[in-house]
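Numbered from 1 within each chain, the chains take letters A, B, ... in sequence-line order. These numbers come from a predicted model, not from an experiment.
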Amino acid sequence: MSRLDAPSIERKWQQRWQDAGCFNADMASDKPKYYVLEMFPYPSGRIHMGHVRNYTLGDVVARVKRARGYNVLHPMGWDAFGLPAENAAIERGVHPAKWTYENIEGMREQLKSMGLSYDWSREFATCDPSYYRFEQKMFLDFMKNDLAYKKESWVNWDPVENTVLANEQVVDGCGWRSGAPVERRLLSQWFLKITAFSEDLLNAIEGLDRWPDRVRIMQHNWIGKSKGARITFQLTEVPSGADNGIEVFTTRPDTLYGASFIALAANHPLILGLAENNTALHDFVEECNRMGTSQATIEAAEKKGVDTGLTVDHPFDPAIKLPVYAANFVLMDYGTGAIFGSAGHDQRDLDFANKYNLPVIPVVLPEGEDPDTFKVTDTAYTGDGRLYNSDFLNGMTVEDGIPAAIAKLEELNSGTGETTWRLRDWGVSRQRFWGCPIPVIHCDTCGIEPVPEDQLPVTLPDDVDFDQPGNPIANHPTWKHTTCPKCGGKAERETDTFDTFFESSWYFLRFADPDPEIAFSKEAVKYWLPVDQYIGGVEHAVLHLLYSRFFTRALAACGYLDLDEPFDGMMTQGMVCHQTFKDQNGQWLFPTEVERQGEDQWVKTDTDQIVDAGRIEKMSKSKRNVVDPELIISGYGADTARLFMMSDSPPERDMEWTNSGVEGASRFIHKLWRMSSSENGIGLADLGTAMPETLDDAAKTLIGATHRTIASISEDIERFRFNRCVAALYSLSNSITDAKGDSKAQDWARRFALETLVQLMAPIAPHITEEIWENLGHDQMIAEMAWPEADPKWLIEETISIGVQVNGKLRGTIDIVPDCDKSIAEELALALPGVQKILDGQAPKKVIVVPNRIVNVVA
RNA sequence: GGGGGCAUGGUGAAAUUGGUAAACACAGCAGACUUAAAAUCUGCCGCCGUAACAGGCUUCCCGGUUCAAGUCCGGGUGUCCCCACCA
């Protein structure tokens with residue numbers, strides 16, 4: 001057997017699998033189906049270690065499920081719309097499509113070099129009109145079904161780039177690229193009515209029992225259901241043009257008697273109306289608009305307000321008048337954009353009241369406090385207690401006070417019980433070129449008209465100019481000009497494109513059936529969906545996963561499919577991290593630029609300068625702590641990269657990529673290669689298939705260990721405990737090496753153990769195991785074979801060693817036959833010298849024997 | 001401010017879900033082979049203690065439940081993540 005040349009072996013087997021079509025999925029099968037999916041990548045140009053981890057995890061699952069008799073669907077595609085392509089166009093003058101498709105070519109080759117068991121016949125790119133034509137149709141169906149609408153909404157506007165910015169793109173109140181101060185603008189935007197499903201999206205989380213708890217909790221919080229009351233406060237004097245009441249939402253109607261003011265958002269319609277004739281208010285509104293919506297500015301901002309001079313009547317006692325303020329801490333897009341301030345029991349309200357000298361009236365008395373002496377000064381009391389200073393509510397608990405207050409509000413016709421949600425409708429309009437065009441037409445006479453279905457897809461123009469600021473489609477000389485499908489007059493196309501989350505919200509359905517004529521067939525979706533196991537980064541815990549759940553419901557409502565939830569099992573993998581390095585000038589260095597010198601010292605390879613070895617962080621280009629998977633694959637082979645990815649760290653936890661770890665994985669692969677070689681005597685000694693009739697103890701031990709390894713790995717794989725699987729593989733290989741005896745039985749046992757080891761390792765390191773398997777004389781590929789089965793009779797050990805404790809402290813061990821009589825174990829335990837010594841002739845008070853586990857003597 | 005996770009040797013981790021803590025690796029140390037190095041093989045490797053045994057201690061800290069706690073309960077510390085003027 002020759003030296004191990006991993007790259008050429010890997011190419012060989014990748015070709016064989018492809019020629020045999022091992023991984024192509026077909027609905028015509030009597031096996032149970034299994035759909036395993038990893039989050040598809042954005043084609044940035046090169047794969048990174050995060051991809052390697054994600055796709056290795058999925059591939060192991062897919063290969064094991066296939067071997068265990070499932071009809072497996074394991075597809076791959078490209079989430080191909082997005083900003084980087086536009087940036088490339090701006091920087092290099094290349095069309096985003098060209099850039100994207102070239103990247104896809106390169107990345108596909110890289111993925112193929114990993115030996116992933118994909119059905120490549122189902123591949124697609126979302127930027128292709130043959131994909132996005134269907135989502136344009138979906139959007140029109142959403143419009144018909146009242147699930148898509150256009151409305152004015154406040155956005156972060158970059159005045160230099162002429163585009164909307166996401167909150168994440170606003171840095172210190174300025175555009176991330178232009179550096180220009182961001183403005184708040186009211187803009188007409190398309191929305192998808194995700195809130196139509198709030199209740200269902202929330203309730204159904206309950207049933208997602210194969211999802212990580214933290215993802216479920218995050219979605220739960222994101223949807224954010226809160227129960228409370230909507231209250232109308234009557235204005236004492238109504239300014240001209242205003243409604244005569246102010247609507248307020250509260251979760252604490254029980255504290256109404258503690259109200260001391262009303263505060264409205266700066267962009268509340270009433271404030272905007274008043275600001276026209278009130279300089280102080282006008283300036284305040286301007287100031288708030290300048291602030292933008294970014295987190296940093298909100299946090300830094302001081303709580304401020306302006307007295308409007310208006311007052312409202314207290315709903316329970318019209319004699320009480322409350323002043324109305326405009327305040328910067330009230331949000332127009334949550335609740336009603338107005339609050340009542342209950343200074344005693346809300347910290348923010350208390351701060352505001354103290355600042356503007358408004359009364360603080362505590363109405364909840366903590367347990368054990370005296371109503372005459374209890375005071376709230378700097379810290380609001382938000383806990384439980386009995387209501388007081390509250391007329392008819394006096395004496396009630398907070399819990400009872402809430403419904404009582406609501407009942408009274410309803411009786412007085414000044415409020416109702418209500419539920420509000422944190423979840424907002426999904427704004428999908430983007431002023432971007434490289435996205436799916438929104439298929440509507442604006443006509444001056446007919447208004448908004450959908451593009452007729454026979455004119456789909458609306459495709460992006462090829463000749464675009466990225467040198468001007470703003471959206472290139474809007475700037476295009478002819479693209480947007482068209483005729484109105486209704487009246488035939490001159491009209492303009494919508495120039496906004498969809499948020500790129502639109503594409504990823506249904507791609508898993510398309511994989512079930514990439515038919516050129518329809519988005520997907522109901523039958524294919526019925527067969528393959530839901531995805532049995534979805535795997536990806538936790539950063540998508542809310543947006544992508546929630547949008548996909550919404551899409552499934554919206555598509556069901558439009559008659560596309562019959563499915564409750566898209567993803568039955570979800571697993572979130574941890575990040576791949578690496579140590580960071582900085583040179584003396586504080587510049588980040590690539591790991592390839594440094595080498596280790598002694599214990600904890602690192603130097604720059606070319607200059608020998610000492611470098612700072614910093615924290616272990618997520619691999620990122622900006623910190624240069626990246627390792628290029630291609631170099632690992634071409635150097636060590638994909639099997640090594642895959643094995644290392646699965647070793648040591650559990651998948652959901654962050655892992656550190658280390659050179660020594662890769663070396664370790666590589667060493668094991670070489671060891672396996674050597675073990676199976678002729679020189680060693682295990683590999684080529686084919687002793688036939690029948691187990692010898694007489695087995696010596698060493699052979700029995702090895703055969704038993706092999707069966708137990710099958711059992712433990714089979715279980716651990718199902719539970720994604722791949723690090724334990726790798727440990728078990730190492731152990732079995734150690735057992736093989738340890739069994740050195742020279743007997744027919746042991747030769748047979750070693751051969752059996754080795755073949756099993758190779759099969760068990762195949763999902764993780766598929767290439768080398770196929771090569772060894774072939775060298776061992778097998779014709780069939782492991783990729784086409786069934787998973788080994790553990791023989792139950794070999795799982796039982798002849799003797800086991802259990803611990804013996806005295807008063808809970810270990811004093812020795814005894815060897816027993818499994819399931820032996822308790823009295824035998826007790827007798828053996830009491831006979832131990834370590835136990836005798838402590839008992840010192842006394843009889844034990846009590847002896848607890850837990851069969852096959854432990855004996856505890858209470859002295 | 002609200003919600004959630006995590007905490008075990010020098011390091012990554014394991015612990016049959018309340019039953020012998022540290023499996024399997026990485027790093028390290030010693031030895032074998034070699035002219036030499038690499039590769040490979042063998043042995044050691046939680047801490048204190050001892051010449052070696054013996055013995056004691058040990059799962060972030062304090063307390064509790066239990067024959068028995070890394071695991072369950074109460075309190076605290078540290079750390080990471082998500083959300084956040086959310087009414």
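When the C1' atom is used for both B:G70 and B:A84, the distance is 35 Å, rounded to whole Å. For the P atoms, the distance linking B:U20 with B:A15 amounts to 13 Å, nearest Å. Separating the P atom of B:C48 from that of B:U11 is a span of 14 Å, rounded to the nearest Å. Between B:U66 and B:C73, the distance separating the two C1' atoms is 12 Å to the nearest Å. On the C1' atoms, B:A32 is 34 Å away from B:A21, given to the nearest whole Å. Taking atom C1' on both B:U77 and B:C62, the two are 11 Å apart, rounded to the nearest angstrom. For B:C72 and B:G55, the P atoms lie 32 Å apart once the distance is rounded to whole Å. Across the P atoms, B:C41 and B:C24 are found 15 Å apart, a figure rounded to whole Å.
Residues satisfying the ring pair (Phe, Tyr, Trp, His ring centres under 6.0 Å) criterion with A:Y381, sequence neighbours excluded, are absent altogether. With sequence neighbours excluded, the residues that form a side-chain contact (heavy atoms from CB on, under 4.5 Å) with A:L208 are A:W211, A:R216, A:R549, A:E565. Considering only residues two or more places apart in sequence or on other chains, A:K225 meets the side-chain contact (heavy atoms from CB on, under 4.5 Å) condition with A:E199, A:L202, A:K227, A:T419, A:W421. Residues forming a side-chain contact (heavy atoms from CB on, under 4.5 Å) with A:S801 (at least two apart in sequence, or on another chain): A:T813, A:D815.
Mapped onto RNA chain B by nearest heavy atom, A:G335 and A:P650 fall at different nucleotides, with A:P650 at the one closer to the 5' end. Residues A:N807 and A:G337 both approach RNA chain B. Their nearest nucleotides, taken by heavy-atom distance, put A:N807 toward the 5′ side.
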Dump every N/O contact between nucleotides 73-75 of chain B and the protein below 3.5 Å, one line per pair.
none

Protein-nucleotides 22-25 of chain B N/O pairs closer than 3.5 Å?
residue, atom, partner, partner atom, Å
B:A25, OP1, A:N734, ND2, 2.6

Under 3.5 Å, which protein N or O atoms sit close to an N or O of nucleotides 3-5 of chain B? Give each pair with its distance.
residue, atom, partner, partner atom, Å
B:G3, O2', A:N221, ND2, 3.3

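Remark: RNA chain B takes part in the stems B:1-7 with B:77-83, B:10-12 with B:24-26, B:28-32 with B:40-44, B:46-48 with B:55-57, B:60-64 with B:72-76, each of 3 or more antiparallel Watson-Crick or G-U pairs, criterion distances under 3.5 Å.
Closest to the A:I339 side chain, of the nucleotides B:A84, B:A87, B:U20, is B:A87. Each of B:A27, B:C67, B:A15 was ranked by its minimum atom distance to the side chain of A:S660; first place goes to B:A27. Candidate nucleotides B:A87, B:A13, B:U20 were compared by shortest atom distance to the side chain of A:R653, and B:A13 ranks first.
Rounded to a whole Å, the CG atom of A:L545 is 15 Å from the P atom of B:C82. The CG-C1' distance, from A:L832 to B:U20, rounds to 12 Å in whole Å. Per the geometry, CG belonging to A:D716 stands 12 Å off C1' belonging to B:A15, to the nearest Å. When the P atom of B:C83 is taken as reference, atom CZ of A:R422 falls 8 Å away, rounded to whole Å. In this structure, A:Q579 atom CD and B:C26 atom C1' are separated by 14 Å, rounded to whole Å. Rounding to whole angstrom units, CG of residue A:D654 and P of B:U79 are separated by 17 Å. A:K355 places its NZ atom 14 Å from the C1' atom of B:C85, with the value rounded to the nearest Å.
Formation of a donor-acceptor pair under 3.5 Å by the A:S735 side chain with backbone atoms of A:S731 is found in this model. Checked by atom type and distance alone, the side chain of A:N856 never pairs as donor or acceptor with a backbone atom of A:V804 at under 3.5 Å. No side-chain donor-acceptor contact under 3.5 Å links A:T382 to the backbone of A:H345. For A:N625 (side chain) and A:E617 (main-chain N/O), a donor-acceptor pair under 3.5 Å exists by modelled atom type.
Side-chain contact between A:L702 and A:R750: present, with at least one pair of heavy atoms (C-beta onward) separated by less than 4.5 Å. Side-chain atoms of A:V360 and A:L358, non-hydrogen and from C-beta on, never get closer than 4.5 Å to each other. With a 4.5 Å cut-off on side-chain heavy atoms, A:M645 and A:R642 do not count as touching.
No engagement by A:E656 is indicated, since no non-hydrogen atom pair under 4.0 Å with the nucleic acid exists. Residue A:S649 is in sugar-phosphate contact alone, with no base atom involved, counting any heavy-atom pair closer than 4.0 Å across all strands shown. Residue A:R719 is in base contact, counting any heavy-atom pair closer than 4.0 Å across all strands shown.
Contacts with RNA chain B (heavy atom under 4.0 Å) in residues 851-859 of chain A: A:R853, A:I854, A:N856, A:V858, listed by number.
A:R348 has a side-chain polar atom (N or O) that falls below the 4.0 Å cut-off from OP1 or OP2 of B:C86.
No hydrogens or angles considered: a donor-acceptor pair under 3.5 Å links the side chains of A:S226 and A:Y334.
With a 6.0 Å cutoff to the six-membered ring centre and a 45° limit on the axis angle, A:R422 counts as a cation-pi contact of A:W222.
Atom CD1 of A:I339 and atom CG of A:D346 lie 7.0 Å apart (nearest 0.5 Å). Annotation: the span from A:F501 atom CZ to A:W426 atom CH2 amounts to 8.0 Å, rounded to 0.5 Å.
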Can I get a per-line list of side-chain donor-acceptor pairs under 3.5 Å for residues 245-259 of chain A, giving both atom names and the distance, sequence neighbours left out?
residue, atom, partner, partner atom, Å
A:E247, OE1, A:R230, NH1, 2.4
A:E247, OE2, A:T232, OG1, 3.4
A:T250, OG1, A:R252, N, 2.9
A:R252, NE, A:D254, OD1, 3.1
A:R252, NE, A:D254, OD2, 3.3
A:R252, NH2, A:D254, OD2, 3.1
A:T255, OG1, A:R252, O, 2.9
A:T255, OG1, A:S342, OG, 3.2

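Between A:Q219 and A:I205, the shortest heavy-atom distance links the atoms CB-CD1, 3.8 Å.
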| task | Going 5' to 3' through nucleotides 54-63 of chain B, assign each nucleotide B (protein heavy atom under 4.0 Å from a base atom), S (under 4.0 Å only from sugar-phosphate atoms) or - (no protein heavy atom that close). | result | --SS------
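Residue pairs meeting the side-chain hydrogen bond (donor to acceptor under 3.5 Å, both in side chains) criterion with at least one member in residues 647-664 of chain A, sequence neighbours excluded, are A:Y636-A:E663.
Applying the 3.5 Å distance criterion, the base of B:U11 shares no donor-acceptor pair with the side chain of A:T658.
Using cut-offs of 30° and 60° for the angle between ring planes, the A:H544 and A:H540 rings count as perpendicular.
Here B:U11 is in the anti range [glycosidic angle more than 90° from 0]. With its glycosidic angle more than 90° from 0, B:G31 adopts the anti conformation.
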| task | Take A:F340 and A:F261, measure what side chain to side chain contact (heavy atoms under 4.5 Å, CB included) needs, and give me the verdict at the end. | result | CA-CA 6 Å; A:F340 79 79; A:F261 63 95; over 6 Å; no
